[in-house]
Amino acid sequence: MSIIYVLIPIAMLFVLIAIGIFFWAVKSEQFDDLDRQSVSILFDDDVEPAPKAKDDESSPS
């Protein structure tokens, strides 16, 4: 029964730390643009398309 007197303050401390981290993340604008990262994986703008080979050069004669 005496362990509850230790566990309850530790649990409350963890909750306060989690709330503090959440409010820090909101204050530092971590949640402002949630859609950009989910869409950026679909579009790869850094890689340029490979040049197309001409039909005359690629077909054997």
Side-chain angles (χ1 to χ4, degrees):
M1 183 70 179
S2 64
I3 193 68
I4 291 179
Y5 298 124
V6 175
L7 290 179
I8 289 176
I10 291 174
M12 291 174 64
L13 180 68
F14 284 153
V15 168
L16 288 175
I17 290 172
I19 290 172
I21 290 173
F22 174 74
F23 280 112
W24 168 79
V26 170
K27 184 178 178 181
S28 64
E29 302 174 355
Q30 296 289 321
F31 300 112
D32 280 350
D33 190 11
L34 297 177
D35 294 328
R36 182 176 53 106
Q37 293 298 324
S38 63
V39 175
S40 68
I41 195 167
L42 299 176
F43 304 108
D44 193 13
D45 295 332
D46 296 334
V47 179
E48 295 182 19
K52 293 183 179 179
K54 293 181 182 178
D55 292 331
D56 295 336
E57 295 176 358
S58 62
S59 62
S61 297

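We're numbering straight along the sequence, starting at 1.
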I'd like a table of donor-acceptor pairs (distance under 3.5 Å, sequence neighbours excluded) in which one partner is a side-chain atom from residues 20-28, with atom names and distances.
{"from": "Ser28", "atom 1": "OG", "to": "Trp24", "atom 2": "O", "distance (Å)": "3.0"}
{"from": "Ser28", "atom 1": "OG", "to": "Ala25", "atom 2": "O", "distance (Å)": "3.4"}

(request) For Leu7, enumerate each residue passing the side-chain contact (heavy atoms from CB on, under 4.5 Å) test, keeping only those at least two apart in sequence or located in another chain. (result) Ile3

(request) Check side-chain contact (heavy atoms from CB on, under 4.5 Å) between Ile8 and all other residues, then give those that pass, not counting sequence neighbours. (result) Ile4, Met12

